[in-house]
Amino acid sequence: MKLDVLYFAWLRERIGCARETVETEATTVSGLVEELRAREERYTLAFSDLASLRVAIDQELRDFDAPLDGAREIAFFPPMTGG
Amino acid sequence: MKLDVLYFAWLRERIGCARETVETEATTVSGLVEELRAREERYTLAFSDLASLRVAIDQELRDFDAPLDGAREIAFFPPMTGG
Amino acid sequence: MFDIRVQGAPFDYGHECARFAGGRSDTGAIVTFCGIVRGDGALETMEIEHYPGMTERALRQIAKEAARRWALGGIMIIHRFGQLVPGEQIMMVATASAHRADAFAAADFLMDYLKSRAPFWKKEMRKDGTSWVAAKASDEDALMRW
Amino acid sequence: MFDIRVQGAPFDYGHECARFAGGRSDTGAIVTFCGIVRGDGALETMEIEHYPGMTERALRQIAKEAARRWALGGIMIIHRFGQLVPGEQIMMVATASAHRADAFAAADFLMDYLKSRAPFWKKEMRKDGTSWVAAKASDEDALMRW
């Protein structure tokens, strides 16, 4: 399955890119995170503490155990600080 | 003792004046109200239900049992409806 | 700190908001409230009576109490009296604070107290007659929140 | 009913307040909030990043939820992104209702949700370096009020 994966704020800076296309076998967000962590150290470091991250599937906030089926765009980012 | 007595809103309309000077022997607001009630029927009617009235002594909200000593201006009016 | 005005003339809500918020880099949160004469088809005019002297005094006391309770950088209160028609702006309050919770709480508090403790009375001239607006028990109850 | 804008350009808070409050004779209560970049001497620039697409969607959902909970005649949300300097207006919300309690609650709710549920991130460029603003536990806790 091909996914657009987006990173924002300090996660974007640590990983060094804002958006990439990822080919994955994962069925959940957690599974995708495991695959990313296994890639390179910058991913391992960026995803070291999931409690400090949030995830959106197709622009809706979800939990890390949410299934990926049918998803097209996954975004990872720190807690929001708008307003 | 001479007092300026002011009336507002429907109380002003029922009594038929906005301000008058009153010569009184009363020592409390309640005493003053008793004297006014005894004057004429329009006062008796206007002051028939004290629960629906408020009083200010020298422009400060007070209770009906507040003493009058030193007071110069007593105002009677219905509950406020500003905003 | 306090800008309190009781006036017969209209005020310009947008202009007052801009002026109040302008040049503040110390207080990041502004809350404003504006009250408008609500029309219902039958209301022709609303007349607001007040107690000159006591009104300003009461508003100042309410503002002082708000400033004692919350960390505020500014308070504005404008209240009109006289004849108004539906759609006209009756009054406004504005609060400035470093924190949004304080700005919200203070504006809400000012409105609750202004409603039941500042000497204003509203009279409605309606198609079918005139009547004084009765105070609501809920407005008095609202004071117990604080 | 909803006027939601996410933009890089500045907005005119006073003008937006006037426009939002104008011509309303159905809804007597207007509440507005404006957030301003707070300066502390050391802050030079604040940069706001957002997630185009999701931002508008999240703000619309928050506005819809407010409209479901309270009787509102209108909701406005404007939020900027990009570089801002201290004193600049970041964002505003406005609510209109027949009753002040609804207008206050809805504006307060919008701010709480916008703060923690709309995808914006603030980065501060300070004299001594740059850093991302950390989310506050108190902002997350604020959601439990609703």
Side-chain angles (χ1 to χ4, degrees), chain C residues 11-41 43 46 73 84-101 103-112 114-115 136 138-139 141-142 145, chain D residues 11-41 43 46 73 84-101 103-112 114-115 136 138-139 141-142 145:
Chain C
F11 61 92
D12 182 333
Y13 174 55
H15 173 76
E16 297 298 343
C17 288
R19 221 175 54 87
F20 187 78
R24 290 191 189 272
S25 62
D26 50 334
T27 51
I30 306 291
V31 170
T32 74
F33 177 91
C34 180
I36 295 169
V37 180
R38 197 142 43 103
D40 57 6
L43 179 67
M46 173 167 283
L84 289 90
V85 296
E88 268 193 276
Q89 292 159 357
I90 306 174
M91 52 79 61
M92 70 171 289
V93 305
T95 56
S97 174
H99 304 288
R100 76 182 189 286
F104 268 115
D108 203 357
F109 171 92
L110 289 174
M111 285 307 304
D112 277 355
L114 186 154
K115 202 103 192 154
K136 288 187 214 131
S138 60
D139 283 333
D141 293 347
R145 297 195 288 145
Chain D
F11 62 92
D12 182 334
Y13 174 55
H15 173 76
E16 297 297 344
C17 287
R19 222 175 54 87
F20 187 79
R24 292 191 187 273
S25 62
D26 49 336
T27 50
I30 306 291
V31 170
T32 75
F33 177 92
C34 181
I36 296 169
V37 181
R38 198 143 42 104
D40 57 5
L43 179 67
M46 173 168 282
L84 290 90
V85 296
E88 268 194 276
Q89 292 159 357
I90 306 175
M91 52 79 61
M92 70 170 289
V93 305
T95 56
S97 174
H99 304 288
R100 78 182 188 285
F104 268 114
D108 203 357
F109 172 92
L110 289 173
M111 285 307 303
D112 277 355
L114 185 155
K115 202 99 191 159
K136 287 187 216 128
S138 59
D139 284 332
D141 293 346
R145 296 196 289 146

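Throughout, a chain's letter reflects where its sequence line sits, starting with A, and its residues are numbered from 1.
Looking at C:A98, the atoms closer than 4.5 Å to chain D (heavy atoms on both sides) sit in the backbone and in the side chain alike. In this structure, chain D has heavy atoms under 4.5 Å from both the backbone and the side chain of C:D108. Neither the backbone nor the side chain of C:T95 comes within less than 4.5 Å of any heavy atom of chain D.
Counting heavy-atom pairs closer than 4.5 Å to chain C, the top residue among D:R19, D:H15, D:R24, D:E88 is D:R24. Contact tally against chain C (heavy-atom pairs below 4.5 Å) for D:A18, D:C17, D:A103, D:A21: the top residue is D:C17. Top candidate by heavy-atom pairs under 4.5 Å with chain C, chosen from D:A107, D:S138, D:A94, D:A101, is D:A107.
Salt-bridge formation is detected for the pair C:R100/D:D112: a Lys NZ or Arg NE/NH1/NH2 atom is positioned less than 4.0 Å from an Asp or Glu carboxylate oxygen.
Close approach to chain C, defined as a heavy atom under 4.5 Å from one of its heavy atoms, is seen in D:G28, D:A29, D:I30, D:V31, D:T32, D:F33, D:C34, D:G35 of residues 28-35 of chain D, taken by number.
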